[in-house]
Structure formats: C-alpha cells, structure tokens
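In what follows, a single structure is set out as structure tokens and then discussed.
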Amino acid sequence: MTKFYITTAIDYPNASPHIGTAYEKIGADARARWRRLCGDDVYFLMGNDENSQKVAEKAQELGLDPLAYCDEMERKFRQAWSRLSLSFDRFIRTTEAAHHRGAREIFRRLLKRGDVYRGMYKSWYCVGCESRKTDKDLVNGKCANHPNRDLEWVEEENWFFRLTAYRDRIREVVKNTDFVEPGIRRNEVLGVLEEGLEDISISRAKTKWGVPVPDDPDHVIYVWFDALVNYITGVGFPDGPDFGRWWPCDVHVIGKDITRFHCIIWPAMLLGADLPLPKKVFAHGFVYLSGEKISKSGKRLDPAKAADRFGGDPLRYFLLREIAFDNDGDFTWEKFVERYNGELANELGNLLNRVVNMAEKNLGGVFEKPPAPLPQDAALREKLLGLADRVAPHYDRFEFHFALAQIWDAVRQANRYLDETRPWTAAKEGRRDAVAASLYNAAEALRIIAVLASPVIPATADRIGEQIGIGPLSTARLETVRAWGGVPGGTRVRRAAPLFPRLDKVPEAEEFA
RNA sequence: GCCGGGGUAGCUCAACGGUUAGAGCGGCGGUUUCAUAAGCCGUAGGUUGCCGGUUCGAGUCCGGCCCCCGGCACCA
C-alpha cells in the first residue's frame with residue numbers, strides 16, 4: 001500500500017484559530033481525504049507550536065502556567081478543527097517530551113558536524129514578531145507590525161546554525177525539481193538563494209520557556225528551529241518504529257509567508273542531520289476578508305462559529321471552491337450566501353430532495369435496478385463514469401476549485417437528466433419502469449457525486465449516502481465510482497432534513513468575529 | 001530600486017500563435033411542476049489597460065508606457 005504523509009504548519013496557540021488558519025487545514029484535509037479515497041495509507045499531522053515566548057507571555061497575562069494555558073488552547077483548537085471535520089491522524093504539541101527529545105537530537109547532530117557554533121547576536125528584537133529587526137525594518141523606531149510595542153535591544157552570545165554551508169545544495173534542489181510549488185513561490189525562493197544567505201541564530205538566553213539546548217541550560221532552542229522539527233518528531237524521530245515508514249514527508253502544506261523556513265532552513269537542517277528532504281512544500285495563498293488582509297485589518301472570522309451556524313461543509317466548500325488554493329482570495333458573506341444557495345442548496349441539496357421524494361411517492365421508497373433503459377441514460381453514465389478521471393489530477397495538484405467545477409458540472413447534468421426523463425410525468429402515465437429507471441440512475445449519479453466530493457464535503461457525502469439508503473460515503477473507495485450500479489436493487493431511501501436549508505439573508509460579519 | 005505575477009463581459013475567472021474571445025454568477029426572457037419559490041432552456045453584454053511592431057493571422061510573440069499585487073524579513 002502506498003503511504004502518504006502530509007502536514008500543515010503548526011499554530012501558535014496565543015489566539016483561537018481564524019479563517020486563514022482554517023483555510024490551510026481544510027485544504028490539507030481535502031488532499032488527505034482524497035489520498036485515502038485513492039487507497040493510500042495516509043498520515044495527516046497537525047498541531048500547535050507551543051514553545052514560543054508569545055505563548056509564555058500570554059499565559060502570564062492570564063495568570064496561568066504556560067503549560068496549563070497550552071492545554072486549554074489545545075482543547076479550543078481541537079474543538080474548532082472537529083467542527084470542520086479535519087481528519088488528522090495526530091495532533092502534535094511541541095511541549096511534548098518526545099518532541100523536545102527530537103529537537104535536541106537534531107541540535108546535537110548539527111553540533112557534532114560543526115554546523116552549530118557559538119556567536120554573538122546583536123539587534124533589535126520585537127516580541128510581537130518574535131524576530132530580529134534590522135534598521136530598515138523600523139518605522140519611527142518601532143516595529144512596523146507592532147507599533148505599540150517597545151523594541152528590545154538584544155545582545156547575547158547565542159548558538160548559530162551554519163545555514164550558508166547548505167545554500168548550493170538547496171539551490172540545486174529548488175532549481176531542478178518541483179520541490180517548491182506553486183511556481184511563483186519557487187521563483188521567490190530561488191531569488192532569496194541567489195542573493196545569498198546568512199547564518200542564523202538558533203537559541204535564546206532570556207527565556208526559560210522552550211526546549212533547552214543540550215548541555216547548555218542557559219539557552220533554549222529558538223522557537224522556529226524546534227517548530228520545524230515537529231514534522232519528524234510527529235512520526236517518531238529519532239527512534240520510533242514508524243519513522244522510516246513515513247519520512248520523508250510527501251507534502252508540507254504551508255502559507256506563502258513562511259516559504260523561507262520550509263524551503264531553505266528546514267532542508268538545510270535535514271541535510272545537516274543526514275535525513276532525506278520532504279518531497280514537496282506547497283505554499284497556499286491567503287484569505288482576505290472583504291478585501292482586507294486579516295492580520296492588518298483586525299477583522300476576524302471565527303471558523304468554529306461559522307461552522308456552528310452553517311455546518312463545517314459549507315465553509316469548507318466555499319473556501320475551496322471560491323479560491324484557487326495557490327492564490328489569494330476574498331471571503332465575503334455575500335459570496336458565501338451566493339454559492340451556498342446556488343450550488344449547495346439549489347443544485348445539490350435540491351437534487352437529492354427531488355430524488356428521495358419521488359422515490360417515496362412513486363416507488364414506495366425503494367430503488368430498483370432499471371427495468372428498461374432510457375434514451376438519456378448513456379449521456380449521464382458517460383459523464384459520471386468519467387468524472388473520477390477528470391477530478392483526480394486536480395485533487396492531486398491542490399486545484400480544488402477545478403475539481404469542484406467538474407463535479408458540479410455533473411450535478412447540473414443530473415438535474416437535467418431528471419428534467420428530460422420526467423419521472424413525475426411517467427408516474428402519472430403509469431409508466432412505472434420509466435420512473436424506476438430514472439430515479440435509480442439519478443441516485444447513482446448522486447452516489448458518485450457524493451464520493452468524489454467527499455474530500456471537500458465529507459459530512460454531506462455521508463448524509464447523501466444515508467438518504468439514498470446505502471450508508472456513509474466519505475470512507476468509500478475510488479473503484480466504487482468507476483462502475484455503474486453501486487446502489488443495490490431494493491435499497492430503501494431514508495428521507496431526512498434538507499442538506500442545506502436556504503439562507504434568506506446575508507449574515508452580519510460581527511456575529512462571527 | 002531589483003526580481004516575479006497580473007490587467008479579458010457588471011462581478012469572479014477561462015482561452016497550445018489559428019473558426020465568430022468562452023464559462024459561472026448577476027440581468028432579461030421563456031418553460032416545467034418531482035423538489036428547498038428549487039430545476040431546465042434561451043438571450044443581452046467585450047475596441048482583451050494604452051501605443052507601436054513581427055506575422056497570412058496576435059488576448060497570446062517583441063519593444064515602450066500606465067495601473068494593481070506579491071517577493072527581496074530569524075513573518076507559522
């Protein structure tokens with residue numbers, strides 16, 4: 001069985017997740033679910049990045065022990081993620097002892113090789129950014145991103161990582177392979193590599209919160225450095241029995257703002273530790289809120305609240321249908337309602353409703369294998385049986401918007417099939433065979449549509465399966481949609497509430513902040 | 001400043017140098033009645049940012065210009 005190991009960035013738990021964070025996880029989840037559908041043995045890793053000064057600060061602000069605070073935040077994150085049906089296999093926390101051990105092991109390996117050394121670290125430091133600031137980064141002597149905070153002048157002996165030693169090898173990989181996707185990010189990374197690198201400081205002396213540097217109790221490993229290591233400790237590095245099975249990772253899903261860490265620093269760390277590089281780093285775009293950048297505008301959209309109200313699937317669907325995953329996109333409630341009503345309620349939800357209703361009214365609620373073919377069958381079958389092949393390349397390239405466009409093309413065709421075969425007329429005319437054939441084929445179309453859309457809308461796929469009487473479909477296998485006739489004759493429909501009740505007004509953004 | 005991406009219908013976006021530049025949404029009109037006042041069909045709407053060039057032929061290639069957006073940060 002082919003293995004597929006996929007990760008997302010781990011999150012600072014100093015605030016609850018927002019729509020942008022959710023976007024990344026949803027995209028990764030869709031890919032993970034797609035690979036499971038294809039039969040891969042999938043390992044999907046997510047988690048929280050807890051060894052940060054910001055986290056310690058926040059905990060102190062609340063009068064909590066940092067670890068207790070992190071425990072609480074883990075609950076919040078898990079709750080939010082569960083509302084979005086994220087199917088991660090493991091949720092890692094970088095405060096775990098096993099992670100600390102792995103991070104220290106990496107540090108030791110690089111030290112042994114001579115690529116970790118002592119040096120002097122002098123600069124302005126912004127606690128908000130958790131990063132060094134050079135003079136050109138300053139605006140009026142303050143950090144541009146955190147103008148309300150005072151900068152600290154930091155001057156201390158630190159441990160450094162000889163990043164410069166790895167530049168050429170990394171450049172070769174980035175240049176000659178599709179290690180970094182999409183192409184635009186690859187070019188940017190290449191640009192950085194061409195301009196040249198500096199060695200980086202990888203420890204901090206001022207804080208006790210974090211992973212202690214081996215044999216140097218006065219320093220902790222810089223949060224970024226230990227955070228990256230989660231991708232290997234999450235599968236058992238250094239000596240877990242499954243480490244060799246999962247690593248190297250098939251794809252790291254990250255935001256476009258952190259390519260430098262994943263495409264340059266992380267590979268350098270791995271090369272230094274004699275570990276294989278991940279196969280791919282995929283950098284997704286950003287979600288804007290009504291045209292404004294989330295971080296700058298201060299606008300928020302709490303995905304858990306939105307999912308509470310509308311369900312996780314509509315949010316997942318909207319984000320992956322509206323926005324190309326490698327691009328930036330805009331969330332507005334107007335657009336959300338438009339797609340929700342048009343595509344989810346009217347086209348898909350109503351299609352199911354039509355079929356289930358007519359089956360109840362005219363067939364006693366039981367699907368029968370088509371007693372006789374209808375002239376419109378061939379076109380419908382051709383469309384649906386070819387759908388898996390049309391959708392597959394898109395899912396595998398994170399082109400969820402294209403995959404969904406293909407699937408909805410089939411949804412429209414199924415609606416058209418009903419209009420053309422007119423089972424309601426056939427019923428009135430007493431042509432029971434025609435009614436049975438039409439509804440059976442429409443149910444088949446729904447089955448295939450549900451399975452192929454399940455990576456994006458898993459809960460809906462299950463609900464469709466329940467209503468047409470064949471049980472959950474989000475855990476189906478791809479082979480089942482390459483053949484017609486998956487709904488057994490004699491299957492009894494189970495009518496339930498509409499999948500997506502129509503929304504009659506545009507929600508107020510404030511309700512979900 | 002340097003590097004990169006982009007300006008196409010009211011909106012969001014498609015279109016290997018090759019018929020008459022397409023699709024969805026929105027608008028307008030029609031039709032159906034099984035269904036969540038849903039579905040289906042049809043239609044209007046474009047000087048492809050501007051100027052020049054190459055070519056039998058340019059949204060597409062070349063040069064110049066104007067706008068927008070990213071990257072050049074120890075950014076989760």
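Throughout, protein chains are lettered first and strands after them, A, B, ... in sequence-line order, and every chain is numbered starting at 1.
- Closest to the side chain of A/Leu228, out of B/rA73, B/rA76, B/rG5, is B/rA76.
- Remark: P of B/rG5 and CD of A/Glu188 are 11 Å apart, rounded to the nearest angstrom.
- Aromatic rings of A/Phe161 and A/Trp159 (six-membered ring for Trp) have centroids beyond the 6.0 Å cut-off, not under it.
- With ring centers used as reference points, A/Phe88 lies under 6.0 Å from A/Phe91.
- Distances were taken from every side-chain heavy atom of A/Asn350 (C-beta onward) to each of B/rU36, B/rA76, B/rA35; the shortest belongs to B/rA35.
- Of the candidate nucleotides B/rA76, B/rU36, B/rC34, B/rU36 has the atom nearest to the side chain of A/Arg502.
- Contact between the side-chain N/O atoms of A/Arg339 and the OP1/OP2 oxygens of B/rC25 is not found at any separation under 4.0 Å.
- Separating the C1' atom of B/rC16 from that of B/rC11 is a span of 29 Å, rounded to the nearest Å.
- The phosphate of B/rC34 has neither OP1 nor OP2 within less than 4.0 Å of any side-chain N or O from A/Asn357.
- Taking the nucleotide of RNA chain B with the nearest heavy atom to each of A/Ser201 and A/Lys428, the more 5' of the two is matched to A/Lys428.
- Picking from B/rA35, B/rU32, B/rA76 the nucleotide with the shortest atom distance to the side chain of A/Arg422 gives B/rU32.
- Between A/Phe336 and A/Phe310, the ring center distance clears the sub-6.0 Å criterion.
- Atoms CD (A/Glu181) and C1' (B/rG5) sit 17 Å apart, rounded to a whole Å.
- Closest to the side chain of A/Lys361, out of B/rC72, B/rA35, B/rU36, is B/rA35.
- For the pair A/Lys256 and B/rA76, the criterion of a side-chain N or O lying under 4.0 Å from OP1 or OP2 is not met.
- Relative orientation of the A/His252 and A/Tyr231 rings is tilted, given thresholds of 30° and 60° on the angle between their planes.
- If you check B/rC72, B/rA76, B/rC40 against the side chain of A/Ile10, the one that comes closest is B/rA76.
- Contact annotation: A/Tyr12 reaches the phosphate of B/rA76 (side-chain N/O to OP1 or OP2, under 4.0 Å).
- Among the nucleotides B/rA76, B/rU36, B/rC34, the one closest to the side chain of A/Trp424 is B/rC34.
- Ranking B/rA38, B/rA76, B/rG70 by closeness to the A/Asn346 side chain, first place goes to B/rA38.
- The side chain of A/Arg354 has B/rG39 as its nearest neighbour among B/rG39, B/rA76, B/rC25.
- Here B/rG70 is the nucleotide among B/rG70, B/rA76, B/rC72 with the atom lying nearest to any side-chain atom of A/Arg185.
- Going from the C1' atom of B/rC28 to that of B/rC67 covers 34 Å, rounded to whole Å.
- Side-chain nitrogen and oxygen atoms of A/Arg416 include at least one within less than 4.0 Å of the OP1 or OP2 phosphate oxygen of B/rC41.
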